[in-house]
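Below: one structure, written as structure tokens.
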Amino acid sequence: MAEGVTLTIDGQTVTAPAGTTIHKAAQASGIDVPTICYHDHCTANALCRVCVVEVEGARLLQPGCIVKVSEGMTVHTRSARVERSRRTILEMLGSAVDLADAPDIRRLALDYQADTGRFGDGERREQPVLDYNPMYIRDYAKCILCWRCVQVCAEDAQYTFAINFTGRGFETGIGTFFDKPMPETTCVFCGQCVGVCPTGALKSKREWLLEQGRSPDEIMQATRTERRRKRKG
Ligand code: SF4
């Protein structure tokens with residue numbers, strides 16, 4: 001069994017096995033450190049930075065999902081600096097991305113009193129819905145680039161490697177190699193990417209068609225027809 005490490009989180013003395021992240025140690029002690037990109041079944045990557053905490057002695061805020069506990073560490077999870085940082089991230093997300101299908105993130109924005117229109121004059125990540133297969137649609141206007149879909153498509157689950165990051169800076173997105181439609185990639189339509197997407201950017205085709213006002217019969221017809229068409233090549 002891993003040796004215990006004793007630290008202080010928000011004034012509470014906490015003991016956690018060596019190698020535990022600050023996020024997990026806090027969680028085990030009933031202290032909530034919010035996350036967006038982190039998923040229990042994916043490798044933590046510290047991409048969204050919503051889980052940052054203040055560690056005494058460290059110049060920069062530390063991402064709680066990857067930084068490990070150490071003996072005598074003193075952590076503050078809701079200091080003014082931490083709250084301001086989380087609020088700003090939520091404001092930037094809300095200003096650039098459509099969070100309509102991301103209730104957990106919207107709840108977090110309310111909790112942190114984030115003004116999601118604060119950067120409303122800036123450019124939004126508008127993109128057309130990609131509807132190229134009978135199983136799911138990709139609506140990257142809702143994508144927050146958490147990377148979960150790429151991770152489960154790769155080493156975290158499926159080892160299929162059909163998708164990855166594309167572009168740079170504001171143009172960064174998730175895409176297929178050479179921008180191929182999904183049926184022309186290595187995708188096996190396992191649906192794991194849809195299952196871990198926190199924002200509705202990836203959505204079951206049937207659910208999406210229902211939202212478009214199509215009747216269940218029409219949806220069955222549409223997806224059956226598409227499957228037949230795909231089988232024919
Ligand atoms: S499509 Fe969904 S899971 Fe993939 S990076 Fe975007 S928000 Fe994350």
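Indexing begins at 1, ligand by ligand and atom by atom, following the structure's order. Hydrogens, waters and symmetry mates are skipped; everything else that's a heavy atom, side chains included, is used.
Against a heavy-atom cut-off of under 4.0 Å, T199 is close to the following atoms of ligand 1: 7 (S). Of all the atoms in ligand 1, the ones that sit under 4.0 Å from a non-hydrogen atom of L202 are 1 (S). Residue contact check: C146 has heavy atoms under 4.0 Å from atoms 3 (S), 5 (S), 7 (S), 8 (Fe) of ligand 1.
Counting heavy atoms only, C197 comes closest to atom 2 (Fe) of ligand 1 of the residues G200, C197, C149.
We find that D40 and K24 are joined by a salt bridge, their nearest charged nitrogen and carboxylate oxygen being less than 4.0 Å apart. At a threshold of 4.0 Å, the pair D101-K203 counts as salt-bridged, since one of the basic side-chain nitrogens sits closer than that to a carboxylate oxygen.
Under the 3.5 Å distance criterion, the side-chain polar atoms of T88 are matched with a main-chain donor or acceptor of R84.
The heavy-atom pair separating Q127 from A141 by the smallest distance is N-CB, 3.9 Å. When all heavy atoms of M73 and K68 are compared, the closest pair comes out as CE-O, 3.5 Å.
Residue, atom and distance of the protein heavy atom nearest to atom 6 (Fe) of ligand 1 are C143 SG, 2.3 Å.
Contact annotation for I174 and ligand 1: only side-chain heavy atoms (C-beta onward) come within less than 4.0 Å of the ligand.
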